[in-house]
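A quick write-up on the structure given underneath.
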Amino acid sequence: MHHAQDGRRPPDEETALLSASPERKPAKAPTPLPKLQIFILLLMQLAEPVTSQCIYPFINQLVSELDITGGDEKKVGYYAGMIESLFFATEAMFIMQWARISDRIGRKPVLLTGVGGLCISMVCFGLSKTFLTLVISRCIVGMLNGNIGVIKSMMAELTDSTNIAQGFALMPVMWCVGGTMGPLMGGQLAKPHDRWPDVFTNPFWQKYPYFLPCAASAVFSALIFVIAAAFLRETVPTKSKKKCVRFAEDTMLNEPTGSISVSALMTPPVLLSIANYACLAFLEISYRAIQPLFFSTPIELGGLGLPPSTIGLILGGFGIMDGVFQAFFFAKFVGRFGEKLVFQTGMSMFILLFLSYPVINIVAKGSGLSWTVWSLVILQLLISVIMDMAYGCCFMLITTAAPNKNSLGATNGLAQLAASVVRALGPAGSTSLFALSLDHNWVGGYGVYGIFTVLTCMMMLVSIPLPRSSWPSKDDD
């Protein structure tokens with residue numbers, strides 16, 4: 001490529017986002033983050049994992065008690081997985097539309113719509129008594145919620161080149177916090193009439209035993225809605241046809257809305273980074289969907305037969321471990337070994353994770369819920385913490401793969417779309433394979449884990465062409 005006559009070159013589709021430049025200016029001291037605005041934005045992100053994961057401890061028991069399966073416990077996985085997949089399926093259909101709408105009318109109204117959708121959906125879910133109403137409630141939240149992509153765009157607009165890494169580093173931690181709060185809320189508040197009969201005496205709580213955790217998460221979302229409506233500031237001038245993105249050299253880059261075409265994003269680094277992100281998202285959501293099903297299924301049918309309260313404590317404990325580990329150790333591992341090796345290590349953990357399920361069940365069949373079983377469960381959680389480092393590596397690779405600094409939002413949107421599609425397929429596919437393995441006694445009922453072990457090995461091959469750290473600058477060629 002040749003520089004323009006004045007020695008400067010405008011950004012184009014072939015310029016790596018975080019590329020090194022011979023004219024790079026000396027590093028500046030980081031600009032202080034706008035703490036209140038970042039805090040509100042992270043609260044809005046927190047609402048999503050809380051509401052989505054609070055149903056995990058009791059979803060299988062809910063499906064069983066609603067007699068959706070006709071009393072056949074082996075079929076619970078089919079319907080539970082379908083319900084868990086619906087959110088991602090509808091999100092994939094609407095996420096790009098919400099991103100475009102936020103460019104025109106602003107980020108704040110779109111984010112408020114998403115949080116409001118979470119609130120309405122959880123109330124409907126808690127009052128559902130049929131499979132159809134469960135389906136409708138999950139479709140509502142997926143249809144109205146395109147928040148994660150919009151939140152990433154707003155985070156970029158609230159930061160500059162000196163502090164954007166600090167801002168984005170907070171997002172995975174908030175997801176871990178939500179991953180702790182949601183399962184704890186769902187597990188501890190389910191069936192309040194049975195747990196606290198002297199307090200919850202109204203027959204309503206017997207008719208709707210899972211309404212309390214749903215209502216609690218809905219109230220949490222409603223509170224965040226009020227805070228954001230009152231204090232969150234808009235970052236996109238709604239009356240302007242151009243959006244301003246503060247980036248790079250601390251200058252305001254006027255970029256026409258929608259100027260980055262999808263075809264311009266289809267560069268090898270972008271496609272390869274998104275492909276690895278999709279593989280990771282598929283395996284992770286499949287593992288997460290099987291996990292509560294495995295915990296709740298009776299021991300004789302291949303699980304552990306745990307109640308929702310215990311499942312909630314296990315999933316909440318993982319969230320705490322994961323958040324602490326990622327906050328204190330992720331950057332050190334990446335700095336020493338590079339994104340590629342850390343990512344591949346995280347992906348390889350799925351082999352151990354899927355194979356640990358039959359081992360835990362076999363031990364439980366022989367000795368019941370002994371200390372050995374609980375030690376293996378804790379070990380599985382620790383392995384999944386190592387696996388979770390792969391996500392941070394993916395985000396960094398996707399960011400550095402963006403064709404230029406003006407296409408960061410579009411690149412992240414495309415990656416989120418790919419992740420939503422595979423996350424829609426993962427829960428339904430994995431839980432259906434779980435049920436099929438039991439129905440047809442594949443490998444003693446453990447066939448699902450062999451299938452996903454083979455899939456993991458195949459998907460790890462996609463990471464071979466990745467660079468050791470970030471994608472190199474085109475200028476270095």
Side-chain angles (χ1 to χ4, degrees), residues 56 60 74 76-77 80-81 84 276 278-306 310-311 314-315 317-318 321-322 325 341-391 422-423 425-464:
Y56 281 10
N60 301 294
K74 296 180 180 179
V76 169
E84 292 168 6
N276 279 277
C279 290
L280 171 63
F282 176 77
L283 292 174
E284 193 262 349
I285 198 66
S286 299
Y287 165 74
R288 298 293 178 208
I290 291 176
Q291 191 174 39
L293 182 59
F294 173 81
F295 287 149
S296 64
T297 300
I299 293 177
E300 60 272 15
L301 293 179
L304 289 183
L306 301 177
T310 304
I311 297 173
I314 293 173
L315 299 182
F318 162 76
M321 289 191 297
D322 194 35
F325 185 86
L341 183 57
V342 176
F343 174 79
Q344 290 177 324
T345 301
M347 286 287 286
S348 68
M349 292 299 104
F350 282 113
I351 297 175
L352 299 177
L353 289 173
F354 285 117
L355 293 180
S356 65
Y357 281 127
V359 173
I360 294 172
N361 177 250
I362 290 171
V363 174
K365 283 181 177 179
S367 61
L369 296 177
S370 63
W371 66 269
T372 305
V373 170
W374 289 114
S375 298
L376 289 172
V377 170
I378 293 173
L379 178 61
Q380 186 188 54
L381 296 180
L382 292 173
I383 293 172
S384 64
V385 168
I386 299 174
M387 174 275 295
D388 226 35
M389 288 196 298
Y391 269 109
V422 299
R423 283 170 174 159
L425 301 175
S430 61
T431 54
S432 295
L433 285 173
F434 182 94
L436 283 171
S437 296
L438 294 178
D439 278 343
H440 300 284
N441 198 32
W442 293 346
V443 196
Y446 303 130
V448 57
Y449 309 120
I451 292 173
F452 275 100
T453 299
V454 173
L455 283 175
T456 298
C457 294
M458 294 173 60
M459 291 182 175
M460 286 184 64
L461 298 176
V462 183
S463 67
I464 292 176

- Message: Given 3.5 Å as the limit, does a donor-acceptor pair link the side chain of Thr456 with the main chain of Ile351, or not?
- Response: no

- Between atom CG of Asn361 and atom OG of Ser356, what is the distance when rounded to the nearest 0.5 Å? 11.5 Å

- Message: If I take atom SG from residue Cys457 and atom CG from residue Leu461, how far apart are they, to the nearest 0.5 angstrom?
- Response: 8.0 Å

- Item | Phe452 side chain reached by Leu433 side chain, heavy atoms, under 4.5 Å | yes

- Message: Tell me which pairs pass ring-ring contact (aromatic ring centres under 6.0 Å, His included) where either residue lies in residues 371-391, with sequence neighbours left out.
- Response: none

- Is the closest side-chain heavy-atom distance between Leu304 and Val377 below 4.5 Å? yes

- For the residue pair Ala289 and Ser430, what are the closest heavy atoms and their distance? CB-OG, 3.7 Å

- Item | Steps toward side-chain contact (heavy atoms from CB on, under 4.5 Å) verdict (Phe343, Leu280) | CA-CA 9 Å; Phe343 174 79; Leu280 171 63; 4.2 Å; yes

- Tell me, do Ser296 and Ile311 make a side-chain contact under 4.5 Å, heavy atoms counted? yes

- Note on the structure: Interatomic distance, OH@Tyr446 vs CD1@Ile362, rounded to 0.5 Å, equals 4.5 Å

- Note on the structure: Heavy-atom nearest pair, Leu353 first then Gln380, reads CD2-O, 3.3 Å

- Query: Would you say Ser367's side chain and Ala364's backbone share a donor-acceptor pair under 3.5 angstrom?
  - Reply: no

- All pairs passing salt bridge (Lys or Arg N to Asp or Glu O under 4.0 Å) where residues 283-296 contributes a residue, at least two apart: Glu284-Arg288

- Phe350: what forms a ring pair (Phe, Tyr, Trp, His ring centres under 6.0 Å) with it, not counting sequence neighbours? none

- Query: If you round to the nearest 0.5 Å, how far is SG of Cys279 from CE of Met460?
  - Reply: 11.0 Å

- Leu436/Val448 under side-chain contact (heavy atoms from CB on, under 4.5 Å): CA gap, chis, key distance, verdict: CA-CA 8 Å; Leu436 283 171; Val448 57; over 6 Å; no

- Where do Ile314 and Leu306 land on the side-chain contact (heavy atoms from CB on, under 4.5 Å) test, with the steps shown first? CA-CA 10 Å; Ile314 293 173; Leu306 301 177; 3.7 Å; yes

- Task: Check whether any side-chain heavy atom of Leu381 sits under 4.5 Å from a side-chain heavy atom of Gln291, and report yes or no.
- Result: yes

- Query: Can you name the side-chain contact (heavy atoms from CB on, under 4.5 Å) partners of Val422, sequence neighbours left out?
  - Reply: Ala278, Ala281, Phe282

- Item | Inter-residue atom distance Ile383.CD1 - Leu352.CG, 0.5 Å rounding | 5.0 Å

- Taking the side chain as every heavy atom from C-beta outward, state whether Met347 and Leu283 have any atom pair closer than 4.5 Å. yes

- Task: Return the set of residues passing ring pair (Phe, Tyr, Trp, His ring centres under 6.0 Å) with Tyr357 (not counting sequence neighbours), or none when no residue passes.
- Result: Tyr287, Phe294, Tyr449

- Considering all heavy atoms, the nearest Pro427-Ile285 contact: CG-CG1, 3.6 Å

- Task: Working to the nearest 0.5 Å, report the span between OG of Ser286 and CZ of Arg423.
- Result: 11.0 Å

- Query: Any donor and acceptor pair, going by atom type alone, linking the side chain of Ser432 with main-chain N or O of Gly429 inside 3.5 Å?
  - Reply: no

- Decide yes or no on side-chain contact (heavy atoms from CB on, under 4.5 Å) for Thr297 and Phe434, but give the supporting numbers first. CA-CA 11 Å; Thr297 300; Phe434 182 94; 3.8 Å; yes

- Item | salt bridge (Lys or Arg N to Asp or Glu O under 4.0 Å) pairs, two or more places apart, involving residues 380-390 | none

